[in-house]
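Note sheet for the following structure.
Every chain is numbered from 1, with letters handed out A, B, ... down the list of sequences.
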Amino acid sequence: MVQMAIELRNVLKRRRNKTIGPLTMNLPKGYITALVGQNGSGKSTLLNLLMQLTNPEEGEIYWFENRYDSGLPLELRQTIAYVPETSITEENHWNAEEAAQFRQHWYPNWDESYFQDLMDRFEVPYHMRLSKMSKGERRKFEIAAALASHPSLLLLDEPSSGLDPFAWKIMIETLLKYMDENNATIIISTHIVEELRRLADYIVLMHRGELLGMAEKDSLFGTWTEVWVQVTDEEELAELSAELPGGINFTMETPGVASFIIEQFSKNEKRIQDLGVKVTKSRSLELDEILGLWTQGHRPILIDHKRGD
Amino acid sequence: MWIPVQINENSAEPLYHQIETQLRSLIISGVITEGTLLPSIREFAGDLKCSVITVRRVYQDLENEGLLRTRQGTGTFVSHVGDGAMEEYKRETVGKALESAVDIGRSVHCSKDELEQIFMEIVERKYREKD
């Protein structure tokens, strides 16, 4: 039985220039769900809604299966940590130590030795004002401070922007370890494919304010395959495409060689061979290509978590 | 514990199946010995760049086959591999390799006798080398 960390029911947020939603989805507890989509697709708005930094005009949001229309209670807020896209300015005049003291006051589960350990690993200066830090240093402080509050729900808005590759690696390992040792839930918005590969269990695609669905990462990555085959001419290729209704982008590459994109290649490979067509090469599509097809309406296998499944 | 599982991203074989097949052979062939503590589901998923859903499924399948056992709070361990499983594994892997060799032989129009002759020659040579 899967419990839900977050549930959205027809959530609609009207912005001056665009509308986000209606969003309906369930985000399972204990997993890492990644939000992907182009700039302005509504990812940050969604995270802001989950922090009640902004409220929806329509629809309902549930946190751990409860609704809080008149504000999130303090005890719940204390179990949620958020690393926003741009750091809040209120802490700018403090150094890391002072900011940590402030946060410790509000988060009863604050783990000071864990915080210091992360700050050391990230090599963030302790006594520098947060506003004087480089973008990467500030980001590392934010991530360390978010984890030190020991959250059950961690919301990360492009956490790795500004991080160098070494810090990035530490962040990935730290998040995996945190998930391993705590029954936590992470919702992360990111553009970095390698980050999705290393972290995500589920991938949610947003496009122009709409939710295109949620897929299991491994099934998503295996969805599409580009296949090169030996065919003599366009005519033979047309015959082949008629036999493969799920295939798209049938193209003659050079005389004798054609390519196309097909879903579930493991199931279709034998059919292609049975048609007497020789496959010369195949490759799985990259995530950006898969997401591109998805936004054009070529959906992968989607999942719909139901409460109590 | 680092487990030498190699994922082929361009293979048509589903990810979970690749991981399961390789982990099973590592256990049955004795590369990973009885009592070894496997990585946690989250750790292994991070290494293999797959989701915890896939690793959980693999661990569950191999647990059902009796190759793994999970102790609450400690983790997933390699179980005792019975002689029966070892024999079955031998037959299966060697059988598979020979089958593809025979397919290749047939695709270049070898007769049955020719194939047998080549096979015996290779067996003779390999076992002589070994002694």
* Side chain, backbone, both or neither of A/Glu173 within contact of chain B (heavy atoms, under 4.5 Å) -> neither
* Asked: Mind checking what makes side-chain hydrogen bond (donor to acceptor under 3.5 Å, both in side chains) contact with A/Thr190, not counting sequence neighbours?
  -> A/Glu195
* Counting distance only, does the side-chain N/O of A/Ser284 pair as donor-acceptor with the main-chain N or O of B/Glu9 below 3.5 Å? -> yes
* Asked: Hey, which of A/Ile172, A/Ile32, A/Leu196, A/Asp201 has the most heavy atom pairs under 4.5 Å with chain B?
  -> A/Asp201
[atom1] ([X]) with more than 12 external heavy atoms under 6.0 Å:
| X | atom1 | answer |
| --- | --- | --- |
| B/Leu37 | CG | yes |
| B/Glu63 | CD | yes |
| A/His298 | NE2 | yes |
| A/Glu181 | CD | yes |

* Asked: Going by residue number, which parts of residues 89-122 of chain B are within reach of chain A, meaning a heavy-atom gap below 4.5 Å?
  ->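 Not one residue of residues 89-122 of chain B has a heavy atom under 4.5 Å from chain A.
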* Write out, in numerical order, the residues from residues 44-56 of chain B with a heavy atom short of 4.5 Å from a heavy atom in chain A. =>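 If one takes a 4.5 Å heavy-atom cut-off, the residues of residues 44-56 of chain B near chain A are B/Gly46, B/Lys49, B/Cys50, B/Ser51, B/Val52, B/Ile53, B/Thr54, B/Arg56.
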* chain B-proximal positions within residues 214-228 of chain A [heavy-atom distance under 4.5 Å] -> A/Glu216, A/Lys217, A/Asp218
* Is there a side-chain contact between B/Glu43 and A/Leu176 (heavy atoms, below 4.5 Å)? -> no
* Note, B/Arg42 side chain near A/Leu199 side chain (heavy atom, < 4.5 Å) ->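 Sidechains of A/Leu199 and B/Arg42: no contact.
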